[in-house]
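Beneath this line is the structure, given in structure tokens, with notes to follow.
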Amino acid sequence: MCGIVGYIGSEEAEETLLTGLKRLEYRGYDSAGLAIVGDNDLHVEKQEGKVDDLRGALDGHPMKGTLGIGHTRWATHGAPTDENAHPHVSTDGSFALVHNGIIENHSTLKTQLQEKGYAFKSETDTEVLVRLIEEVKRETELSLPEAVRQALTQVVGAYGIAVVSREDPDLLLAARKGSPLILGVGDGEYFIGSDAAPLVEHTRQVVYLNDGEMVTMRRSGYEVTTIENEPLDKEVHELEWSLGEIEKGGYDHFMLKEIMEQPDAMADAMRGRVLPDENDIVLGGLHDVWDRLHEADRVVIAACGTSWHAALVGEYLIETFAQVPVEVEYASEFRYRDPILRDGDVVLVISQSGETADTLAAVREAQSRDVPCFGICNVVGSTIARETDAGVYLHAGPEIGVASTKAFTAQVTVLSMMALKLAKGRTLSEAELARNIQALADVPGQVRDVVEETNERLEEMAEVYRYASNFLYLGRGYNFPVALEGALKLKEISYIHAEGYPAAEMKHGPIALIDRFMPVVFIAMKDSTYDKVLSNIEEVAARDGSVIAITDEGNGELDELCEFVIEIPQTEEFLSPLLTVIPLQLLSYHIAVMRGCHVDQPRNLAKSVTVE
């Protein structure tokens with residue numbers, strides 16, 4: 001959701017900034033712009049549309065200079081227009097600013113500034129911040145960094161900002177509160193980015209900025225301080241990502257690449273943790289707090305979107321294996337409904353990016369009530385990873401496609417590991433534990449079989465269903481959350497309306513929708529709920545519905561009832577979501593491609609939702 005990139009060094013900034021913005025496209029955006037300082041002037045180019053449109057506008061008249069900032073905007077205040085695009089520039093044209101986040105008191109500030117004679121060209125809250133900095137400079141005659149500090153103390157809301165000025169062509173300034181920023185440390189050059197994607201091809205050395213921190217970068221070095229100008233000694237970290245991981249690697253789309261990467265992503269999530277020979281699960285990130293988790297009276301899991309679906313699978317897993325009550329909360333609701341948290345509770349939050357605003361708010365809500373909060377996230381050094389008391393990294397590698405795929409399966413893999421570890425010496429005998437650990441270790445190979453053996457068949461199915469207007473996804477038990485996830489994937493990338501339900505709920509309303517033109521996807525594994533799901537399939541077939549079934553290899557019972565049957569390898573019931581979700585991802589992908597949708601950057605969506 002919005003992207004920031006900045007550069008100061010000895011190289012021309014334009015190409016670095018444009019390439020960086022391309023790396024940030026996956027976050028979602030609708031306009032783009034650059035501001036570059038060179039030849040004693042501030043050059044700005046911005047417009048509605050994609051980064052390639054911006055690049056085209058610059059053809060033939062490049063912006064010269066070795067200092068600059070760039071931005072991709074996801075519209076919040078004001079439509080996606082040239083005027084509302086970032087960067088925004090001071091009235092006298094001396095400095096430019098880009099901003100992620102929302103200034104919540106922008107309306108009050110704008111009124112005050114208008115009363116002082118300031119005019120506004122855009123509808124954005126960002127321009128309000130620019131005018132506020134101007135006013136502070138005018139009143140106090142402070143330097144630009146000090147004026148920015150003073151202005152930010154008057155701001156209510158979230159921001160990640162970067163600022164450049166023609167009056168100081170050796171200064172790149174950035175600050176954050178609630179919207180992530182990373183400093184990239186090079187050799188005589190420095191970078192700023194909303195995440196690691198625009199930095200990784202230039203440097204592996206990074207500094208993660210925390211809320212309330214500001215960095216001033218000059219070619220001679222950088223300094224990190226608090227907004228109140230207290231100096232900070234920040235640790236330099238090494239990025240785990242490589243350039244190859246954020247490129248398509250020959251695939252048409254990042255989403256397809258990431259679907260195909262899932263066997264490796266799950267194996268990486270288990271590496272050094274799932275130990276069949278020792279009949280053990282090792283989760284180093286939870287080692288120091290394991291007793292607290294093991295002795296919990298209740299686990300509350302907070303998440304959003306796909307991570308919320310993974311949390312629902314986690315609820316089944318933890319309650320089954322640990323016999324501990326679990327409640328799954330939408331993080332966006334958790335923070336507002338005065339949740340009841342008691343001694344003995346623990347809160348677990350799940351987020352791919354580790355920057356999801358609502359999930360981060362849930363962390364802070366739990367901590368404000370002195371309840372331990374543990375995290376599951378993918379991005380090393382992310383805010384949730386730093387602010388939770390302990391946690392587990394997914395190690396799934398960067399996920400660029402907006403529609404999450406490998407993060408979901410990696411999250412369920414980690415939750416499966418946690419559940420089995422909680423079950424050790426509790427609900428499972430040594431023999432049962434050994435069987436389940438081995439089954440988990442075998443899953444990446446089975447997933448590889450699924451992606452390789454079903455992809456072509458699912459592409460054929462997509463030809464049949466590409467013009468459907470509605471889909472229904474049904475599952476029970478562990479696969480009810482998978483039905484929700486399958487429906488979400490189809491909605492996100494193909495724009496076809498889809499709903500997921502527990503299969504038994506079909507008779508409580510959705511059955512009224514069944515006709516020949518309503519595809520119904522059943523997850524019908526031969527598990528403890530199979531007979532009930534089979535009855536539901538027969539009910540749909542009797543009403544001339546078009547049935548797609550995901551079931552076990554060798555199950556021929558559904559062939560006569562269903563239009564399409566996708567068979568997948570058998571596994572332990574609790575691990576089936578790791579297999580059943582794969583065909584649903586691929587079906588959504590192929591339908592979206594055939595409908596001409598922008599698979600990796602679906603309309604109106606952002607990869608990391610860092611504002612409410």
Side-chain angles (χ1 to χ4, degrees), residues 1-9 16-29 51 69-72 98 100-101 160-162 172 174-176 178-187 189-211 213 215 217 222 224 234-249 254 257-258 261 265 268 351-357 360 375 377-387 391 393-402 404 406-407 410 600-601 606-610:
M1 180 173 288
C2 297
I4 287 175
V5 61
Y7 173 75
I8 181 170
T16 297
L17 297 175
L18 287 171
T19 302
L21 292 182
K22 287 290 289 183
R23 303 284 188 210
L24 290 169
E25 283 191 307
Y26 75 98
R27 295 172 67 91
Y29 72 107
V51 174
I69 51 178
H71 191 265
T72 51
V98 293
N100 292 350
I161 64 168
L172 173 57
R176 74 158 280 182
S179 189
L181 284 177
I182 301 175
L183 163 67
V185 180
D187 183 10
E189 59 183 2
Y190 299 94
F191 308 83
I192 201 76
S194 302
D195 62 34
L199 311 183
V200 68
E201 64 186 289
H202 303 289
T203 180
R204 303 292 292 276
Q205 304 301 304
V206 299
V207 174
Y208 298 104
L209 298 182
N210 293 323
D211 282 356
E213 293 181 355
V215 58
M217 292 155 276
Y222 70 91
V224 182
K234 300 284 289 186
E235 182 180 357
V236 178
H237 299 265
E238 184 164 350
L239 283 176
E240 292 190 352
W241 291 7
S242 68
L243 181 59
E245 288 180 299
I246 61 171
E247 294 182 333
K248 291 179 184 176
F254 280 111
K257 174 177 182 274
E258 288 155 10
E261 286 176 341
D268 289 342
S351 166
Q352 188 283 135
S353 67
E355 302 291 352
T356 310
L360 183 56
C377 65
N378 193 35
V379 179
V380 175
S382 59
T383 305
I384 287 174
R386 297 198 306 274
E387 293 200 11
Y393 283 121
L394 301 180
H395 295 310
E399 187 179 66
I400 305 300
V402 167
S404 181
K406 67 177 181 177
D600 287 332
Q601 298 165 42
K607 181 63 178 173
S608 179
V609 182
T610 56

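Worth saying up front: this structure is predicted, and the values here are computed from it rather than measured.
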Problem - Residues Lys406, Glu261: salt bridge by 4.0 Å N-O rule - result: yes
Practice task
Please check if the side chain of Glu258 supplies one atom and the backbone of Ile400 the other of a donor-acceptor pair under 3.5 Å.
Solution key: yes
Handout entry: Over all atoms of both residues, closest heavy-atom pair of Leu199 and Phe191
Key = CD2-CB, 3.4 Å
Exercise for the section: Drop me the distance from Leu360's CG to Ser351's OG, to the nearest 0.5 angstrom. Expected result: 9.0 Å
Exercise for the section: Evaluate the side-chain proximity of Val380 to Arg386: yes if any heavy-atom separation is below 4.5 Å, no if none is. Expected result: no
Exercise for the section: Drop me the distance from Ile182's CD1 to Ile192's CD1, to the nearest 0.5 angstrom. Expected result: 8.5 Å
Exercise for the section: Taking the side chain as every heavy atom from C-beta outward, state whether Cys377 and Gln352 have any atom pair closer than 4.5 Å. Expected result: no
Exercise for the section: May I ask you to check whether Thr72 and Glu25 show a side-chain donor-acceptor distance below 3.5 Å? Expected result: no
Problem - Nearest heavy atoms of Tyr393 and Gly381, plus distance in Å - result: OH-N, 3.2 Å
Fill in the blank from the handout: What one should report as the nearest heavy-atom pair of Glu201 and Thr19 is OE2-CG2, 3.3 Å
Completion exercise
Rounded to the nearest 0.5 Å, the OG1 atom of Thr203 sits from the CD atom of Glu238 at a distance of 9.0 Å
Exercise for the section: For residues Val185 and Val207, determine if any side-chain heavy atom of one lies less than 4.5 Å from a side-chain heavy atom of the other. Expected result: yes
Handout entry: Min side-chain heavy-atom separation Asn210-Lys234 under 4.5 Å
Key = yes
Practice task
Report yes if some heavy atom in the side chain of Leu24 is under 4.5 Å from a heavy atom in the side chain of Asp195; otherwise report no.
Solution key: yes
Problem - Test item: Val236 and Val206 side chains (from C-beta on) under 4.5 Å apart, heavy atoms - result: no
Practice task
Give the C-alpha distance, both sets of side-chain angles, the deciding distance and a yes or no for side chain to side chain contact (heavy atoms under 4.5 Å, CB included) between Leu181 and Ile4.
Solution key: CA-CA 8 Å; Leu181 284 177; Ile4 287 175; 4.2 Å; yes
Fill in the blank from the handout: In terms of heavy-atom contacts, Glu213 and Tyr208 come closest through OE1-O, 4.3 Å
Practice task
Could you walk me through whether Ile8 and Glu189 pass side chain to side chain contact (heavy atoms under 4.5 Å, CB included), step by step?
Solution key: CA-CA 6 Å; Ile8 181 170; Glu189 59 183 2; over 6 Å; no
Problem - Non-hydrogen atoms of Val215 and Leu183 that approach each other most closely - result: CG2-CD2, 4.0 Å
Handout entry: Asp600 side chain reached by Val402 side chain, heavy atoms, under 4.5 Å
Key = no
Fill in the blank from the handout: The reported gap from CD in Glu399 to CZ in Phe254 (rounded to nearest 0.5 angstrom) is 11.5 Å
Practice task
Could you tell me whether the side chain of Ile161 reaches within less than 4.5 Å of the side chain of Val98, counting heavy atoms only?
Solution key: no
Problem - Side-chain H-bond candidate by donor/acceptor type, His71 with Asn100, under 3.5 Å - result: yes
Fill in the blank from the handout: Here the gap from Leu394 atom CG to Asp268 atom CG, rounded to the nearest 0.5 Å, amounts to 11.0 Å
Completion exercise
Closest non-hydrogen contact found for Leu172 with Gly6 is CD2-C, 3.9 Å
Exercise for the section: Would you check if the side chain of Asn378 reaches a backbone N or O of Ala396 as a donor-acceptor pair within less than 3.5 Å? Expected result: yes
Practice task
Classify the side-chain pair Arg176/Thr383 by whether it contains a donor and acceptor separated by less than 3.5 Å.
Solution key: yes
